[in-house]
Structure formats: C-alpha cells, structure tokens
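Keep in mind it's a predicted model, so treat the numbers as computed, not measured. Order of listing sets the numbers, starting from 1, for every ligand and every atom in it.
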Amino acid sequence: MIVVSDTAALETHLTTLRDHARRVAFVPTMGNLHDGHLALVNQARAAADAVVVSIFVNPMQFAENEDLDTYPRTLDDDLNALREAGVDLVLTPSADDIYPDGSAAHTAIHVPGLGDALCGKDRPRHFDGVCTVVYKLFQLVGPDIAVFGEKDLQQLLIIKKMVGDLGLPIDIQSGPTQRAEDGLALSSRNQYLSASERAVAPLLRQTLQSCGAALTATPDGPPTSIIDPAREALERAGFTVDYLELRELATLQLVDRMDQDCALFVAARLGETRLIDNIQLAASG
Ligand code: PAF
C-alpha cells in the first residue's frame, strides 16, 4: 500500500496504479476509521480494480465552535486497517496543500436547496466545506467510482447533485449504514459519549424505526401527529433534538403525506455529542 501526503507526487503513483487498474474507486474519509468506513472500502474494492482512500480532517467543514482541534486523529491505526483491507493507495494531504491560502479564503461550492435544509440550517457552511474538499479530492484522484455512506444521507444526496450539476464523470455509489449491535449508527463521534449517554443513544434508531412504521401505516398523515410526540419522548430521555423531520428524498422538501419516497432524518445531541441518523421510507398509497 502506497501512502502519499505530497499531492505533487500523487500523480506519478496514480499513473502507475492506472497501468494495471481499469477502474479506480475512491473513499474519502476524515480518518479515525471504524467498521463503517471499512465496509465502504470493501464495497469500493468489489466495484473496482484499485482502491484509493483519503484521510483529511477538512477544516472548511467545521464551524469555529466545533470540534476541529479535538477531532480524533489515529493515523497509524487507520493505515494498518487500510493495509489489511487491501487498499492500494492512501492520500493524506496537509491543510496547506488543499488550502494554500487558508480554507476561509478558498472558493466554496454551494449546492442550494439540498445544502440549506436539515444539517445545513444548523451548520450553515458545513456542506460548502464538504463539497469543496470532495471536489478537490476528486480532481486530485480522478476516480471512476466514489463511495459514500448512507448514514450521512444528506451529504450523499448533495454530492450526487454536485457531481450531476458539474458533469463530473464519477459514479457515486452508496453504502448502507453500519451499526453497533444495539442499533446505534457507527460514527467517530460515538466515542465522545459517556457511559450513561451511550446507554440511551440507541433510542435514536428505535425512534426512527417506530416512527417509520407508523408513518408508512398512515400515509395520508399528518406526519406531525407521529413525529411531534416522538421528538418529545427523545427530549424526555435526555436528547436535545435539533431536528426530527420527514423529507422527500429527491428534494429534501418537508412533506405532509407519504406519497413519494421519503426519509425521516434526525439530529440530536447528548451532552456535547451530536448524533445523526436516518431511515428511508418508500412511497405508499
Ligand atoms: O463524511 C466524511 O467523513 C466527510 O464529510 C468527507 C466526505 C470525507 C469530506 O471531508
């Protein structure tokens, strides 16, 4: 496995890789890898002849009050896991390489609509940062395929829209959310949870499942009659709920009946830790 931090040297390594790989799949990450990332890597390996992974904690997607400085960085463990997973090349660029004049001064890519709802409302520049770095990484790596997790469903939809709008010749594939045995979606931020917070955290997934079943059973709505009590129950259990919302999958518009494919999205904080999850619901009726 080749590890390259110098983006100028990357091109030579990619040319060598392309000599024997017809299709290259790419998995961008911020490191601190868990089984969720490794499932995406396995999916990438099954879909292509070579796999490239990037590890870059992207300053542009963190707001000033967020956890950029404390975000867990575990490069040695990450490289061991990627080596074991059969990855061909790992890119670990520096912030100076990606943003020579600093991320605040950098041109941003904004996906309107999809990027303004849900997490985009609570974290106004977050998805601009995600899109900008993903675009730059795509330019550096030139993959045929890129794989993103469904846990970050809004991110996945936004990346797909960016790729479509900008005409990038990359097949965006999605991988299912990986979960702990009790249903909690795997996330690097789970390790911030205290023991008591970790014990209540699975309620998020249980709420999505029970609301999902009730919403599908009563497609004519209104969804608020199911969602509002569920939000209150989460608050009573100790969550601070940023949103629990039923949105149309294609547009992320709020919906008041289940006559199109939807997803129920949740973001909620336990103490200082913000957790997100979602469940996709097929149109009924
Ligand atoms: O999902 C993530 O880990 C990040 O948002 C990504 C896509 C690697 C961009 O920094």
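- Closest to atom 4 (C) of ligand 1, if we only count protein heavy atoms, is Gln61 NE2, 3.7 Å.
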Item to complete: Give the intermediate values and the outcome of salt bridge (charged side-chain N to carboxylate O under 4.0 Å, His left out) for residues Asp242 and Arg123.
Response: CA-CA 11 Å; Asp242 288 344; Arg123 308 175 75 192; over 6 Å; no

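- Residue pairs meeting the salt bridge (charged side-chain N to carboxylate O under 4.0 Å, His left out) criterion with at least one member in residues 183-212, sequence neighbours excluded, are Asp67-Arg189, Asp182-Arg198.
- The local environment of CD in Gln139 is crowded, with over 12 non-hydrogen atoms from other residues, nucleotides or ligands closer than 6.0 Å.
- Distance from atom 5 (O) of ligand 1 to its nearest protein heavy atom, with residue and atom name: Gln155 OE1, 2.8 Å.
- For atom 3 (O) of ligand 1, the closest non-hydrogen atom on the protein side is Met30 CG, 3.8 Å.
- Taking any N or O of Asn58, backbone or side chain, none lies under 3.5 Å from an N or O belonging to ligand 1.
- A donor atom on one side chain and an acceptor atom on the other are found under 3.5 Å apart for Asn58 and Tyr99.
- In the vicinity of Val133, heavy-atom distances shorter than 4.0 Å reach the ligand 1 atoms 9 (C), 10 (O).
- Under the 3.5 Å distance criterion, the side-chain polar atoms of Asn32 are left unmatched by any main-chain donor or acceptor of Thr74.
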